[in-house]
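Structure first, commentary second.
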Amino acid sequence: MKQRYSVEDLQYLMSRLRDPESGCPWDLKQTFASIVPSTIEEAYEVAEAIEREDFAHLREELGDLLFQVIFYAQLGCERQHFDFPGIVDTLVRKLVRRHPHVFPSGDLYGDNPNVAIDEQQVKANWETIKAAERESKGESGTLGGVAAGLPALTRALKLQKRAAQVGFDWPAIDGVLEKVEEELRELREAIASGDTAHAREELGDLLFSCVNVARHLSVDPETALRQCNRKFEQRFGAVETVLAERNQRPSDVSLEELDQLWEMAKNAMTP
């Protein structure tokens with residue numbers, strides 16, 4: 001057995017799993033579409049390991065995410081759409097093209113004259129190059145090419161960033177906060193009217209405005225919400241622990257007592 005396996009070994013493993021005669025029945029059954037949920041799940045597990053700074057676990061999760069790429073590459077090769085070397089070649093060419101300040105000759109191994117450029121210029125160049133790429137693909141318009149399948153908070157953030165690049169943005173966060181308050185008032189009015197469809201629309205407007213607040217604070221809304229979810233889990237778990245010591249469940253006590261236990265857990269966990 002080898003002391004350390006390589007990417008080539010991983011590709012070979014994948015081809016064995018997909019071997020029509022001796023492969024794994026589950027792997028043989030999979031398609032591009034069927035493994036998409038696993039890909040999304042693995043990406044979130046990578047993000048969670050990073051947020052927890054669990055680097056030993058991160059190595060494993062990155063491997064799981066890499067396996068998704070290898071799986072797609074095997075499917076692409078079988079259908080003669082693309083293969084793993086082709087994926088790598090496309091990626092390297094794109095990154096070289098998007099970093100002209102590092103690769104001015106357009107060649108990965110060309111001369112590097114150390115072009116002086118700051119981070120803001122890098123971002124501006126990056127967006128200009130990406131815009132040209134989108135146009136070449138027929139993705140016209142400022143908002144063209146923002147994937148519809150992204151999580152809603154992430155897609156809202158990307159749409160807002162694109163609009164801001166052409167000047168459609170609040171000059172300061174005060175205006176954004178006022179917009180949040182306006183949307184909250186409109187949501188209250190919609191709820192009071194009993195119009196569920198209108199309330200849903202106003203709730204969407206409120207969430208979109210909250211994403212705008214996150215953008216102005218340079219905070220990723222998905223990350224902020226994941227952290228909030230974790231905090232809620234920890235506090236509610238603490239409430240259940242106290243109740244379990246009394247041989248009780250949350251459904252056995254009043255809402256008032258649950259609120260008291262919640263405040264105790266909150267205070268105990270506040271730094």
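All figures in this text were calculated on a predicted structure; none of them were measured in a lab.
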Between Val219 and Thr223, does a side-chain contact (heavy atoms from CB on, under 4.5 Å) hold up when you go through it step by step?
-> CA-CA 8 Å; Val219 170; Thr223 301; over 6 Å; no

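- For the pair Glu201 (side chain) and Ala197 (backbone), a donor-acceptor distance under 3.5 Å is absent.
- For Arg215 and Asp169, the salt-bridge test passes: some basic side-chain N is under 4.0 Å from an acidic carboxylate O.
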Can you check side chain to side chain donor-acceptor pair (under 3.5 Å) on Glu8 and Ser6, steps first, answer last?
-> CA-CA 5 Å; Glu8 288 74 20; Ser6 65; 3.1 Å; yes

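- Minimum interatomic distance between Val36 and Tyr72 (heavy atoms only, all atoms of both residues): CA-OH, 3.4 Å.
- Taking a 6.0 Å sphere around CZ of Arg59, one finds it holds 12 or fewer heavy atoms contributed by other residues, nucleotides or ligands.
- Closest approach of Glu42 and Asp64 over heavy atoms only: OE1-CB, 3.3 Å.
- Minimum interatomic distance between Pro221 and Val211 (heavy atoms only, all atoms of both residues): CG-CG1, 4.1 Å.
- One N or O on the side chain of Thr39 and one on the backbone of Ile35 form a donor-acceptor pair closer than 3.5 Å.
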Evaluate the criterion salt bridge (charged side-chain N to carboxylate O under 4.0 Å, His left out) for residue pair Lys94 and Glu133; output intermediate values, then yes/no.
-> CA-CA 10 Å; Lys94 179 169 65 177; Glu133 291 173 354; over 6 Å; no

Between Leu13 and Phe67, is a side-chain contact (heavy atoms from CB on, under 4.5 Å) present by the stated rule, with each step listed?
-> CA-CA 10 Å; Leu13 179 149; Phe67 182 70; 4.2 Å; yes

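- The backbone N or O of Val122 sits nowhere less than 3.5 Å from a side-chain atom of Asn125 that would complete a donor-acceptor pair.
- Across all non-hydrogen atoms, the minimal contact from Ala147 to Arg155 is O-NE, 2.9 Å.
- Smallest separation of non-hydrogen atoms from Ala73 and Ile87: CB-CD1, 3.8 Å.
- Note: the hydrophobic cluster containing Val46 does not contain Val7 (ILVMFWY, side chain heavy atoms under 4.5 Å, direct or indirect links).
- Panel note: side chain Arg18, backbone Gln30; a donor-acceptor pair is recorded below 3.5 Å.
- Clustering ILVMFWY residues whenever any of their side-chain heavy atoms sit less than 4.5 angstrom apart, transitively, puts Ile129 in a cluster other than the one holding Phe103.
- No salt bridge links Glu61 with Arg52; every basic N to acidic carboxylate O contact stays at or beyond 4.0 Å.
- The distance from atom CH2 of Trp262 to atom CG of Asn267, rounded to the nearest 0.5 Å, is 11.5 Å.
- A donor-acceptor contact shorter than 3.5 Å is absent between the side chain of Arg97 and the backbone of Gly106.
- To the nearest 0.5 Å, the span separating CD on Glu222 from CZ on Arg226 amounts to 6.0 Å.
- Nearest heavy-atom pair across Phe208 and Gln160 is O-NE2, 2.9 Å.
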Residue pair Arg185, Glu181: steps toward the side-chain contact (heavy atoms from CB on, under 4.5 Å) verdict | CA-CA 6 Å; Arg185 286 194 301 272; Glu181 293 167 359; 4.1 Å; yes

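- Note on ring orientation: taking the six-membered ring where Trp is involved, the planes of Trp26 and Phe71 are perpendicular (angle over 60°, cut-offs 30° and 60°).
- Atom NE2 of residue His101 and atom NE2 of residue His99 lie 5.0 Å apart, to the nearest 0.5 angstrom.
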Show your reasoning for whether side-chain contact (heavy atoms from CB on, under 4.5 Å) applies to Glu178 and Trp170.
-> CA-CA 11 Å; Glu178 289 174 6; Trp170 296 96; 5.9 Å; no

Which pairs would a plain distance check flag for residues 227-245, meaning a side-chain donor or acceptor within less than 3.5 Å of a matching protein atom at least two apart in sequence or in another chain?
residue: Asn229; atom: ND2; partner: Leu225; partner atom: O; Å: 3.4
residue: Arg230; atom: NH1; partner: Glu51; partner atom: OE1; Å: 3.3
residue: Thr241; atom: OG1; partner: Gly237; partner atom: O; Å: 2.9

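- Other residues, nucleotides and ligands place more than 12 heavy atoms under 6.0 Å from the CZ atom of Phe32.
- Shown here is Arg79, whose CZ atom has more than 12 heavy atoms of other residues, nucleotides or ligands within 6.0 Å.
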